[in-house]
Visitor: 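Shown below is the structure under consideration.
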Amino acid sequence: MIRKNLRLPQLIIAGFMLCLFATAHMLGFNMKTLISTSFTKFAMNGVMVLAMIPMLKAGAGLNFGLPIGIISGLVGMCLSIQLRLSGMGGFFCALLFTLPVALFFGFLYALILDHVKGKEDIAAIFIGYSVIPLMDFFWTVAPFTNREMLYPIGGSGLRPKISLENYFGSVLDNLWSFELAGLTIPTGLLLFYSLIALLLFLFFKTRTGEAMEALGQNEDFCYLAGIPVKKIRHLAIILSTLIGGVGIIVYAQSYGFVELYNGPSGFAFPAVSSIIIGGYIGKESGVFQAMLGTYLYQTIYLLSSPIANAVLIPELSEITRMIVTNGIILYAFLQQNRRKHD
């Protein structure tokens, strides 16, 4: 009975999603296209939601500082484009270039959060938004020379959007993709996402991962047990930053563009919302909650706008979508808080 009650919010949200699918079918939408798109959006956004898990496990709060990891991935992609690397090689080189940048930024992020223990969520919001204008200056003065990256007039400063068409756009989406009963299955994208999720799941089966979970449950016990609390906490924050960097590369290759300047500001809230919808409770969060929440959030967000556009006047469709998506986030959040206090 307890387990059944714990899953009630997710069951209700999943039921609402199925109602949206049914409504879309009655309105005559192409269901195969909608389902195929839901798979793509699920995988292309999913890695950034996985970036929430290490910090939650370690008790460092929701990673509202996700833009720090995203910026690491943007730097990695820009370096790959600068060298004119394309295809799968360009994609994996972008991941490789992201690694040292994410380690450096993640370590600085961890040092800052050390001074605000217990208020990490609030501090992370300000840290994430503060680093974006600093990087805006970098994108303007960085010495990149690839003309496809630069403003056409003046020849200096990176464009707000850089096309990946000639580099590694859709390399995962197109890898081993196939048609099944009219549905397009982005096999490579789903496999890569599954690999990251599996590696993260296996990491928390190691001694280091178990120490990270123990830190989130009881920090005083970890001190007494001789666990290097500060080191493990730093590792969790750096790991979250690194996964965020990988996540934006996966997202960008599906989207087809690298979004600079204010682009990173739009990803933290959907990622946090997804894991809330997935059913995390305090420090108890895992890969399953992240995957479930990502599919529910992204699919409801995908369906709500065209349905509202068909039922209501077009001017109200975006307003309706925001009301619907924010409403289910609030409902899930209230239910998780109730479960934490029960």
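Keep in mind it's a predicted model, so treat the numbers as computed, not measured.
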Visitor: Taking ring-ring contact (aromatic ring centres under 6.0 Å, His included) as the criterion, tell me which of Y301, Y251, Y297, Y295 meets it with F42.
Guide: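 Result for ring-ring contact (aromatic ring centres under 6.0 Å, His included) with F42: Y295.
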Visitor: Among L62, T241, L113, D121, which residue meets the side chain to side chain contact (heavy atoms under 4.5 Å, CB included) test with M55?
Guide: L113
Visitor: Given V49, which of N63, V287, I275, L66 fulfils the side chain to side chain contact (heavy atoms under 4.5 Å, CB included) condition?
Guide: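 The residue from N63, V287, I275, L66 that satisfies side chain to side chain contact (heavy atoms under 4.5 Å, CB included) with V49 turns out to be I275.
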Visitor: Quick one: pull up NZ in K230 and CG in L235 and give me the separation to the nearest 0.5 Å.
Guide: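 Taking NZ in K230 and CG in L235, the distance rounds to 14.5 Å.
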Visitor: With a 4.5 Å cut-off on side-chain heavy-atom distances among I, L, V, M, F, W and Y, is there a chain of contacts connecting L96 to F92?
Guide: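 Different clusters: L96 never reaches F92 through Ile, Leu, Val, Met, Phe, Trp or Tyr contacts under 4.5 Å.
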Visitor: Evaluate the salt bridge (Lys or Arg N to Asp or Glu O under 4.0 Å) criterion for residues R233 and E120: first the C-alpha distance (whole Å), next the side-chain angles of each, then the deciding distance (0.1 Å), finally the verdict.
Guide: CA-CA 12 Å; R233 178 182 166 88; E120 290 94 343; 2.7 Å; yes
Visitor: Which heavy-atom pair separates I227 from A211 by the least distance, and what is that distance?
Guide: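 Heavy-atom minimum between the residues: CG2-CB, 4.1 Å.
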Visitor: How about L191: does its CG atom have over 12 heavy atoms from other parts shown lying under 6.0 Å from it?
Guide: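 Yes, enclosed.
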Visitor: Within a 6.0 Å radius of atom CZ on F137, are there more than 12 heavy atoms belonging to other residues, nucleotides or ligands?
Guide: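 Not buried by this count: 12 neighbours or fewer within 6.0 Å.
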Visitor: What I want to check is whether the side chains of T145 and Q82 have a donor and an acceptor closer together than 3.5 Å.
Guide: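 Looking only at side-chain atoms, Q82 and T145 do form a donor-acceptor pair, the distance falling under 3.5 Å.
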Visitor: May I ask you to check whether over 12 heavy atoms, not counting those of F201, lie within 6.0 Å of atom CZ?
Guide: no
Visitor: Grab the two heavy atoms, one from A268 and one from P67, that are nearest each other, plus how far apart they are.
Guide: CB-CD, 4.1 Å
Visitor: Which value, rounded to the nearest 0.5 Å, describes the distance between S304 atom OG and N309 atom CG?
Guide: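 S304 atom OG to N309 atom CG measures 11.0 Å (nearest 0.5 Å).
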Visitor: For a quick test of reading the model, state the closest non-hydrogen atom pair linking M212 to F204 and the distance between them.
Guide: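 It is SD-CE2, 3.8 Å.
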Visitor: Check V250 against F192 and note the closest heavy-atom contact, atom names and distance.
Guide: CG2-CE2, 3.4 Å
Visitor: Take atom CD of E210 as the centre, draw a 6.0 Å sphere, and report whether it contains more than 12 heavy atoms from other residues, nucleotides or ligands.
Guide: yes
Visitor: Check whether the side chains of S274 and Q298 place a donor and an acceptor atom closer than 3.5 Å, and report yes or no.
Guide: no
Visitor: Is there a donor-acceptor contact under 3.5 Å linking the side chains of N45 and T294?
Guide: no
Visitor: Side chains of N262 and Y129: any donor to acceptor distance under 3.5 Å?
Guide: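 No, because no side-chain N or O of Y129 sits under 3.5 Å from a partner of the opposite role on N262.
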Visitor: Do Y167 and E148 have side chains that approach each other closer than 4.5 Å (heavy atoms only, starting at C-beta)?
Guide: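 Yes - at least one pair of side-chain heavy atoms lies under 4.5 Å apart.
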